[in-house]
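The analysis underlying the following values was restricted to heavy atoms, covering all of them including side chains, and did not include hydrogens, waters or symmetry mates.
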Amino acid sequence: MSTIQSSFLIATVLMLLLLDFTVDAQSSADVVFPLKIYGTIVPGTDITKALANAWKDACTSNRSSAIVIPGGIFKVKEGIFKGPCNSPIDFQLGGTLQAPKSLQGNNWITFERIDRLTLSGEGVFDGQGKAAWKKNDCHKRINCAQLPFSLRFNFITNSIVKRITSLDSKNFHINVLGCNNLTFHNINITAPENSPNTDGIHIGRSNRIAITMSKIATGDDCISLGDGSKQINITNVTCGPGHGISIGSLGRYTNEEPVEGVIVNNCTIINTTNGVRIKTWPASAASGTATNMQFLDIIMVNVSNPILIDQEYCPWNQCNRKIPSKIKISKVSFKNIRGSCATPMAIKLICSRHLPCDEVKVGDIDLTYNGIKGPITSQCTNVRPIISGKQNPKICSSPYVVP
């Protein structure tokens, strides 16, 4: 672990200790803006305008402020909460905000260009995605109709999101772009296993993002890291059902930025189609790198593909596997990973023949398979893993067969 990663991890732990002491406290804001001062706030009504007016007042306040949304179910057509703001803001959600069932476009709730934001409460962001999922075919074709993400955090700095729930998003639950020093603590994300493209938290081009003590059950990746993700700490997360915790996919677009400094630690992954994986496209649009990635102390429960590097990631056959990936993967650790597999293939390290993986360490692996499809096994190509400790199954025990 690098000095920078160690410092970030220590800082995250200290901040979590502070969170545990303060999470139930009343807001310490100098000024409180309850929604009731912006009109009649009755459960079942639309509070879009009241929220917009409360945000305007809070954002322009020269003293720290809080927006307080009471208990109850309220409708919000769209919420755009932009800065920069003059002082810290605490956005307290006590009830449930419901999206329109027929909402189109890219966004439902957006927080943008804000420093020192706290989004907190026991409340729920209900994307009401059930009606939209049957229209979502982005998992089958490239030129699909875009459905909105439930929560977008664009260019947010020095902020915390804690104890909120995202329910049944139409597309991604939470999207993080261009953020720095943002923590998600004790988050609950829920959607059915068959809900398409409902990634829990997707991070891109962001630095120093922490996801801690959270539960994510969804129809796609629990957590996915896009290009430009740096110094990411994922700790004490329970994932499943879903597609696991993923770095990538990388290499699909030009001008992608490097991924570096990722720690996935002390997580539990249950009934997912993948465990921890790194995925890059063959026939990459441009060259790129992904380095310094650690997957440590992870429990797998009935997981297909528990440990996976896939540099031939080609969903729905929308690419050419014969052209190798141009993404260079290096300095990867899979250590102390244990539990049960849903298929015999426990470990699959499929690297690019153009740029083989370097410094891939695999140590203390103890995975079991009790099914009827054959003995537990693993495959490798274009990689020479550095092996230590227990090996169950034996690393690179089976020949790789090109699909």
Side-chain angles (χ1 to χ4, degrees), residues 1 5 9 200 211-217 221-225 232-248 259 261-279 290-311 313 329-351 357-371 373-381 383-398 400:
M1 188 181 299
Q5 286 176 300
L9 186 58
I211 304 170
T212 61
M213 297 185 67
S214 296
K215 295 181 179 180
I216 304 175
D221 291 330
C222 293
I223 299 170
S224 58
L225 308 183
I232 310 297
N233 179 25
I234 300 166
T235 302
N236 290 315
V237 170
T238 299
C239 163
H243 295 180
I245 297 174
S246 298
I247 297 174
V259 171
V262 178
I263 299 174
V264 180
N265 180 49
N266 197 26
C267 294
T268 301
I269 302 178
I270 305 171
N271 295 327
T272 57
T273 56
N274 301 285
V276 291
R277 65 171 168 168
I278 304 168
K279 51 181 176 175
T291 188
N292 287 317
M293 298 166 286
Q294 302 180 57
F295 303 91
L296 313 170
D297 300 319
I298 296 171
I299 297 173
M300 304 285 181
V301 180
N302 195 42
V303 173
S304 303
N305 304 306
I307 299 172
L308 178 61
I309 295 177
D310 184 5
Q311 294 209 257
Y313 177 75
I329 293 175
S330 64
K331 298 181 179 178
V332 185
S333 294
F334 300 101
K335 291 187 177 181
N336 195 25
I337 297 176
R338 59 206 184 277
S340 59
C341 309
T343 65
M345 188 57 63
I347 302 169
K348 200 170 183 178
L349 308 178
I350 309 303
C351 296
C357 298
D358 284 337
E359 297 185 61
V360 177
K361 298 179 180 180
V362 183
D364 294 315
I365 307 300
D366 189 7
L367 296 167
T368 61
Y369 171 67
N370 296 317
K373 296 181 180 179
I376 191 168
T377 188
S378 67
Q379 291 181 346
C380 305
T381 188
V383 59
R384 294 181 178 179
I386 302 166
I387 299 169
S388 64
K390 189 168 187 175
Q391 298 179 52
N392 185 28
K394 184 178 179 181
I395 309 304
C396 306
S397 57
S398 299
Y400 173 62

K.L.:
What closest approach, in Å, do G240 and A217 show between heavy atoms, and which atom pair accounts for it?
P.N.:
O-CB, 3.3 Å
K.L.:
Any heavy-atom pair between the side chains of D310 and R277 that's under 4.5 Å?
P.N.:
no
K.L.:
Report the residues that fulfil disulfide bond (SG atoms under 2.5 Å apart) with C267, sequence neighbours left out, ordered by chain and then residue number.
P.N.:
none
K.L.:
I'd like to know if the side chain of S340 reaches the main chain of N302, judged simply by a donor and an acceptor atom lying under 3.5 Å from each other, with no hydrogens or angles considered.
P.N.:
yes
K.L.:
Out of the candidates V264, I232, L225, only one should pair with I247 under the side-chain contact (heavy atoms from CB on, under 4.5 Å) rule; please name it.
P.N.:
L225
K.L.:
Could you check if a side-chain atom of D221 sits within less than 4.5 angstrom of a side-chain atom of H243, using non-hydrogen atoms only?
P.N.:
yes
K.L.:
Any donor and acceptor pair, going by atom type alone, linking the side chain of S214 with main-chain N or O of T212 inside 3.5 Å?
P.N.:
yes
K.L.:
Taking C-beta and beyond as the side chain, do V362 and Q391 meet within less than 4.5 Å on heavy atoms?
P.N.:
no
K.L.:
Applying side chain to side chain contact (heavy atoms under 4.5 Å, CB included), run through I298 and I245 and close with a yes or a no.
P.N.:
CA-CA 11 Å; I298 296 171; I245 297 174; over 6 Å; no
K.L.:
Taking C-beta and beyond as the side chain, do V332 and F295 meet within less than 4.5 Å on heavy atoms?
P.N.:
yes
K.L.:
Do T377 and P393 come within less than 4.5 Å of each other through their side chains, counting heavy atoms only?
P.N.:
no
K.L.:
On a heavy-atom basis, which atom in I365 and which in F334 lie closest, and how many Å separate them?
P.N.:
CD1-O, 3.8 Å
K.L.:
Please lay out, stage by stage, how K361 and S388 fare under the test side chain to side chain contact (heavy atoms under 4.5 Å, CB included).
P.N.:
CA-CA 8 Å; K361 298 179 180 180; S388 64; over 6 Å; no
K.L.:
Do you know the tightest heavy-atom contact between I329 and I309?
P.N.:
CD1-CG2, 3.9 Å
K.L.:
Does any part of the side chain of I299, heavy atoms only, come nearer than 4.5 Å to the side chain of R338, both counted from C-beta?
P.N.:
yes
K.L.:
Would you say the side chains of S330 and T291 form a donor-acceptor pair under 3.5 Å?
P.N.:
yes
K.L.:
When you check the side-chain N and O atoms of N336 and D297, is any donor under 3.5 Å from an acceptor?
P.N.:
yes
K.L.:
Short question: side chain of N305, backbone of T273 - any donor-acceptor pair under 3.5 Å?
P.N.:
yes
K.L.:
How about C341 and I376: do any of their side-chain heavy atoms sit closer than 4.5 Å?
P.N.:
yes
K.L.:
For the pair T272 (side chain) and N274 (backbone), establish whether a donor and an acceptor sit closer than 3.5 Å, ignoring hydrogens and angles.
P.N.:
yes
K.L.:
Please give me the minimum heavy-atom distance between D364 and G389, naming the atom from each residue.
P.N.:
OD1-CA, 3.3 Å
K.L.:
Grab the two heavy atoms, one from V383 and one from C380, that are nearest each other, plus how far apart they are.
P.N.:
CG1-CB, 3.9 Å
K.L.:
Identify the two heavy atoms, one from P344 and one from P375, that lie closest to each other, and give their separation to 0.1 Å.
P.N.:
CB-O, 3.4 Å
K.L.:
Below 4.5 Å, heavy atoms only, C-beta onward: do L308 and M345 meet side chain to side chain?
P.N.:
no
K.L.:
Got a donor-acceptor contact below 3.5 angstrom from the S397 side chain to the S378 backbone?
P.N.:
yes
